[in-house]
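For ligands, and for the atoms within them, numbers begin at 1 and follow the listed sequence.
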Amino acid sequence: MEIHKYEKAWLVGALVLIVFFISTVAYVTAVTGVDMVDESGGTIHPDDVSDDERFGDPRVEQVGENEFEVYMVALQFIFRPDPVEVPEGSEVTFYITSDNVVHGYQIVGTNVNTMVIPGQIAEITVEFDEAGEYGVLCNEYCGIGHADMEGKVIVHPEDEWEEMQGGDD
Ligand code: CUA
């Protein structure tokens, strides 16, 4: 079979573009530390969420000197817990699930942006190097209150955090 030379040129051109696009994505992923949310968080039946040891009591838990875990449930139309409060410089792993419909969880200004799918636990880790208030959005349409579904992550400066801890005990 003979391939017309223009057709050949287009084929080569298309291949070059495909390779270019894939390299671009690979490069940006490597450089900016984009991380895919995968199946590592595991699964949970939506009916079991409220009885689950982690999600029955949604909370922020300190698991190391600068390490925290957040067990979060997305509901129509709030996140629990909210706000999430951690100290500056902490590494926080979020485990997020939903017992009703698909939600989203995006922390503005960070690389946290995941779908929250009933039956699945989204696991995502982020380091908060700068104190401040970070806005949280639900970015999957989840019903009538979707547009108002938002939350907050408050990253406290070290001294403020220590004061808070002292006050609690
Ligand atoms: Cu929850 Cu949109």
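Evaluated for a side-chain contact (heavy atoms from CB on, under 4.5 Å) with N139, the options H103, M149, Q106 yield exactly one hit, Q106. Checking V108, I107, V84 one by one against Y134, the side-chain contact (heavy atoms from CB on, under 4.5 Å) holds for a single residue, I107.
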Donor-acceptor pairs are to be reported for all side-chain atoms of residues 60-69 against protein atoms at under 3.5 Å, with residues two or more places apart or in another chain.
unit_1	atom_1	unit_2	atom_2	d
E61	OE1	R59	NE	2.7
E61	OE1	R59	NH2	3.1
Q62	NE2	G64	O	3.1
Q62	NE2	E65	O	3.1
E69	OE1	Y71	OH	2.5

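Once rounded to the nearest 0.5 Å, the distance linking OH of Y105 with CD1 of I124 reads 10.0 Å. Taking OG of S98 as the reference point, atom CD1 of I44 lies at 11.0 Å (rounded to 0.5 Å).
Pairing each heavy atom of V86 with each of F128, the nearest pair is CG2-CD1, 4.1 Å.
With waters left out, the protein N, O or S atoms under 2.8 Å from atom 2 (Cu) of ligand 1 add up to 4.
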